[in-house]
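Residues take their numbers from the sequence shown, with the count starting at 1. Values reported hereafter were calculated over all heavy atoms of this structure, with side chains retained and with hydrogens, waters and symmetry mates removed.
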Amino acid sequence: MENNTLISQELEEMRSQISLLKDKLEKQTIVNDGHIRKSMQSKMSDINRTILAAIIAGGFALPYCTWYFWSQGLSIVFVAATALMLTVCLGLTVAKQINLKKMDLSNGNLVEVAEKLGSIRKHYQDWIKIAIPMVLVWFCWLIYEMISTLGATPMTMGFCCGALLGGLIGGFIGMRMNKKVIDRTTEILDYIKELQQGE
């Protein structure tokens, strides 16, 4: 009888310890979940800042380039094509920013967030394949327009060299911004996988 009481007490103590362990594990999971979501929010803020910088640059470039090329007497077709190209690029960037702002990383459905983020990452990965040829064609067209309109004067050649240097610097900055968005979305998607595996 005494033996049974002792076993019963030991079982009760084990149950109590198991219950305490479960509570600790649940709290640890909640803390980890909260920490991961905070990290995701930080990465998302970084993405939003990067895209906002691109929107501001595009918002400046669209009216300025349109006005400048028009004032230099370049062809209407070139000016219109430039304005259209910048408008489309700016519009797509704004659309991605709006989609990102709608995402709720703190309490939202992670499956939906992962799908949307995956789509945004794919857009930025594919954009490089479109943007590089498009900008090269546009730049060659710009040089042709400048020389055919203003002649091969030293001033025109200086402008073309300046445009080439500016294009290289702008391209480098744009590629870095693009890579940053891709890297941050990849990091958030990795966090989401980690959270889903813990569920």
Any chain of hydrophobic side-chain contacts (each under 4.5 Å) joining M85 to I76?
yes
Grab the two heavy atoms, one from L74 and one from E145, that are nearest each other, plus how far apart they are.
CD2-O, 3.7 Å
Would you say the side chain of C89 lies within less than 4.5 Å of the side chain of W127, judging by non-hydrogen atoms?
yes
Side-chain contact, heavy-atom cut-off 4.5 Å: L90 with L86?
no
Side-chain contact, heavy-atom cut-off 4.5 Å: R176 with I173?
no
Do the side chains of H123 and S119 get nearer than 4.5 Å, heavy atoms only?
no
Determine whether more than 12 heavy atoms belonging to other residues, nucleotides or ligands lie under 6.0 Å from atom CG of L168.
yes
Taking it one step at a time, do I143 and L164 satisfy side-chain contact (heavy atoms from CB on, under 4.5 Å)?
CA-CA 9 Å; I143 301 299; L164 177 60; over 6 Å; no
Any chain of hydrophobic side-chain contacts (each under 4.5 Å) joining V137 to L84?
no
I'd like to check T82 versus W138 (side-chain heavy atoms, cut-off strictly below 4.5 Å). Are they in contact?
yes
Any salt bridge between K180 and D183, counting N to O under 4.0 Å?
no
Should L150 and M155 count as side-chain neighbours, where that means a heavy-atom distance under 4.5 Å?
no
Can you tell me how far the CD1 atom of I182 sits from the OH atom of Y124, to the nearest 0.5 Å?
9.5 Å
CG-CG distance between L100 and L52, expressed to the nearest 0.5 angstrom:
11.5 Å
Taking D126 first and then K129, would you say they form a salt bridge - that is, a charged N and a carboxylate O separated by under 4.0 Å?
yes
Mind running side-chain contact (heavy atoms from CB on, under 4.5 Å) on N178 and Q125 for me, showing each step along the way?
CA-CA 8 Å; N178 197 67; Q125 287 169 332; over 6 Å; no
State plainly whether one hydrophobic cluster holds both I147 and V79, where clusters connect Ile, Leu, Val, Met, Phe, Trp and Tyr through side-chain heavy atoms under 4.5 angstrom apart.
yes
How long is the span from the CG atom in N99 to the NZ atom in K116, to the nearest 0.5 Å?
7.0 Å
Just wondering, are more than 12 heavy atoms of other shown residues or ligands nearer than 6.0 Å to CE in M134?
yes
Linking I/L/V/M/F/W/Y whenever any side-chain heavy atoms sit under 4.5 Å apart, do V94 and I56 land together?
no
Between T153 and T156, does any side-chain donor sit less than 3.5 Å from a side-chain acceptor?
yes
How are the rings of F60 and Y64 set to each other: parallel, tilted or perpendicular (split at 30° and 60°)?
parallel
How many angstroms lie between atom OG of S42 and atom CD1 of I47, to the nearest 0.5 angstrom?
10.0 Å
More than 12 foreign heavy atoms under 6.0 Å from CH2 of W70: is that the case here?
no
Taking the six-membered ring for Trp, are W141 and F78 parallel (under 30°), tilted (30 to 60°) or perpendicular (over 60°)?
perpendicular
Looking only at side chains, do T149 and Q72 share a donor and an acceptor under 3.5 Å apart?
no
State the CZ-CE distance between R49 and M44, to the nearest 0.5 angstrom.
12.5 Å
Below 4.5 Å, heavy atoms only, C-beta onward: do L189 and R121 meet side chain to side chain?
yes
Pairwise side-chain contact, D46 with V181, heavy-atom cut-off 4.5 Å (strictly under)
no
Working to the nearest 0.5 angstrom, can you tell me the gap between K43 NZ and R184 CZ?
5.0 Å
Under a single-linkage definition using a 4.5 Å side-chain heavy-atom cutoff for Ile, Leu, Val, Met, Phe, Trp and Tyr, are M177 and I130 assigned to the same hydrophobic cluster?
no
